[in-house]
There are 2 protein chains.
Amino acid sequence: MRTPANRRPTIVDVASAAGVSKSLVSLALRGDEGVSETTRMRIIDAADALGYRSNAVARALVQGRTALVGAIATDLANPYHSEVIGGIERAAGAHGLEVVIGHGQRDPRRITRWVDRMIELNVDGLIVVSSWAEPSALALAAAAAPVVVVGRMPQQARDVDSIVSDDVGGAAMAVRHLIERGHRRIAFVTSSDRPAAMARQLGYETAVAEADANVPHVVSLADDAARALAALLDGRERPTAVLANNDVTAVRVMDAALDRGIRVPDQLAVVGYDNTVMASLVRPTLTTVDQPNDEIGRLAMAMLAERFEGRRVERHVTISPALVVRGSSG
Amino acid sequence: MRTPANRRPTIVDVASAAGVSKSLVSLALRGDEGVSETTRMRIIDAADALGYRSNAVARALVQGRTALVGAIATDLANPYHSEVIGGIERAAGAHGLEVVIGHGQRDPRRITRWVDRMIELNVDGLIVVSSWAEPSALALAAAAAPVVVVGRMPQQARDVDSIVSDDVGGAAMAVRHLIERGHRRIAFVTSSDRPAAMARQLGYETAVAEADANVPHVVSLADDAARALAALLDGRERPTAVLANNDVTAVRVMDAALDRGIRVPDQLAVVGYDNTVMASLVRPTLTTVDQPNDEIGRLAMAMLAERFEGRRVERHVTISPALVVRGSSG
DNA sequence: CTGAAAGCGCTTACAG
DNA sequence: CTGAAAGCGCTTACAG
């Protein structure tokens, strides 16, 4: 792939160009105190002239650390994931670490493979922004480097730290908001049966049960979304409010309502979940549940740092979401 | 960071557990033909029992290749970038390569630093989905590994291949669509003076000049967006159609129009650029210019592959966009 | 079919 | 202040 002719210059090339030993090149380039000013200059000039760049692979091998944190995301197109990763990146700088990202592309096998690959790459720590990685792969990874999972794992893996958002509480908060606004017929619409959606449904059911005269009404868009939405909106007992399992689902509900001439929020209040950018762009703007994604990323990085400092016991943190009230709930 | 007690097992540990030489462990684990079935089994069992994982850093050092392609993106939250990266990833698999992503966070310094870091990491090829990297850093990188830039570079760097979208043609296509629809007073609204936006403006001006009785009208949202939008929409000579430099700007124009009771598309047609997810979610749905982002990613990977096969001459490709007509243009 | 040796490009004690 | 040597964990000819 690289011909010998244009291979990258090494420390040995710099050494012979500067007329010194390779040890001295290494010391000089890393700014060691005990190198005379004149030779340091000579070495740096030689390195620049050759276009020398340190080989991080060789350095990592001898030092046993790469100064790299791996971040694996289920789906980069999803703003939730990219925001969490942004938080990780901002926090990593303070620890002198760089963040390399592996993209899972919504494929559990690919995500699990990235866990393996990141460990093979010798990252110093690993943050998995996904609940789709195999617990066994995570446990194996945790034996080699600290691992934090952001998301609701179906099954805990040994020595793996975690951060989850309080989906039960967030959904309950949204329902209570609708009840305060006078709504009594409130439906929950979901496009997923993954753990996070299930937890939100549980929060919904709990909060609905608290308020008298409410019958929990759950609509799944899993099989035939158009039919499910029709059943919801064209039925005699149409709800006056809907909580969706996420913003995308909420927008679908709003679109279906508007298509039928049902006014939002007057005839139907809609609340989403995740506070994605879309929530403030649609009309009416969407009331939704916000998770502090940036903060979650920072915390994940901080939890890795604690492990670097010697923490041995597992740590599991739950983050509280907040309601953002906008136009779609009246 | 890792105590000797729980350090990762190496090939030597596996060798002594299986009672063979480390050479044989290496051969067996990589499936070499010339290893007897029984010893192969013994070695694999020993490796599994120890939880052995190959150290990719050591392998990369001896093989001189990492099987890694680096992809650097300006802004992962921008769907354009994540789609291009998706295309790169899908194509990389066919070449047995994995894609590690570096996030530039809209910071030119960070992007340029990632170019350096990726080369230090010994990636076999580098795709920079950004026009913000320093040409000098790109040229240095290209001396070590093939480099493809996706985007409109302000200045060409030696030995660096590139892919750009035909922004001039795309914008002209959008304007001709509006002219066909009968519009004569067409404005261009831009929130940026970066090269891509400038090229789109040029395409707009060219197409407007083709049609008689049109006076190009350009509105910049750079300084005071609210005032600029007011000048556009509240003036006596309000345009009947607007081309925006991207979808986000188009949605801002639509929102400003709706706030004033101006009906879209009846009283004002709006066309965006980029065909982001948002374009099909807003109401009315947004007519916009689509770039084949996935295809661009595939092509970038293919261009790296050509370099691996020995191509020496630079290659620069221009990709043609397509118009997606939706509700906002009537 | 298996083992001993050299080497990838660095860093890091250890001498001098 | 500088150099020679060992070693990080692998792969790869080369012997046997």
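Naming: A, B, ... by sequence-line order, numbering from 1 per chain.
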Checking the side chain of B/Gln156 only, and the main-chain atoms of B/Val160 only, is there a donor and an acceptor separated by less than 3.5 Å?
yes

Taking any heavy-atom pair under 4.0 Å as a contact, classify B/Val20: base, sugar-phosphate, or nothing.
sugar-phosphate

When all nucleic acid strands are considered with a 4.0 Å heavy-atom cut-off, which category describes A/Ser36: base, sugar-phosphate, or nothing?
sugar-phosphate

Give none if C/dG16 has no partner; otherwise give the nucleotide forming a Watson-Crick or G-U wobble pair with it, both distances under 3.5 Å.
D/dC1

Backbone of B/Glu134 reached by a side-chain donor or acceptor of B/Thr112 within 3.5 Å:
yes

A/Leu61 CG to D/dT11 C1', in whole Å, measures 13 Å

Check the distance between C/dT2's P and B/Ile11's CD1 and give it to me in whole angstrom.
15 Å

Expressed as a whole number of angstroms, how long is the span from B/Arg30:CZ to D/dG9:P?
18 Å

Does B/Ser23 put a side-chain nitrogen or oxygen below 4.0 Å from OP1 or OP2 of C/dT2?
no

Would you confirm whether B/Arg42, through its side chain, and B/Ala18, through its main-chain N or O, come within 3.5 Å as a donor-acceptor pair?
yes

What nucleotide among D/dC10, D/dT2, C/dC10 has an atom nearest to a side-chain atom of B/Tyr52?
D/dC10

Within less than 4.0 Å of OP1 or OP2 of D/dC8, is there a side-chain N or O belonging to A/Arg65?
no

Between CG of A/Asp13 and C1' of C/dC10 the distance, given in whole Å, is 13 Å

Between D/dG3, C/dT12, D/dC8, spot the one nearest the side chain of A/Val62, thanks.
D/dC8

Can you check the A/Leu29 CG to C/dT12 C1' distance for me, whole Å?
16 Å

Would you kindly compare B/Glu33 and A/Leu27 by the position of their nearest DNA chain C nucleotide and give the one closer to the 5′ end?
B/Glu33

Quick one: does B/Ser54's side chain get under 4.5 Å of B/Arg59's, heavy atoms only?
yes

In terms of side-chain heavy atoms of A/Thr39, which of D/dT2, D/dC10, C/dT2 is nearest?
D/dT2

Donor-acceptor contact present, side-chain B/Arg152 to main-chain B/Ser131, <3.5 Å
no

To the nearest angstrom, how far is B/Glu37 atom CD from C/dT2 atom P?
11 Å

Atom-to-atom span, CG of B/Asp32 to P of D/dC14 - whole angstrom
16 Å

Side chain of B/Arg194, backbone of B/Ala196: donor and acceptor closer than 3.5 Å?
no

Base, sugar-phosphate or nothing for B/Thr10? Non-hydrogen atoms, less than 4.0 Å.
sugar-phosphate

Would you say a side-chain N or O of B/Arg59 is under 4.0 Å from OP1 or OP2 of D/dG9?
no

Interatomic distance, A/Lys22 NZ vs D/dC1 P [rounded to whole Å]
23 Å

Report yes if a side-chain nitrogen or oxygen of B/Ser21 is closer than 4.0 Å to either non-bridging phosphate oxygen (OP1 or OP2) of C/dT2; otherwise report no.
no

Does B/Gln63 place a side-chain N or O at less than 4.0 Å from the phosphate oxygens OP1/OP2 of D/dC10?
no

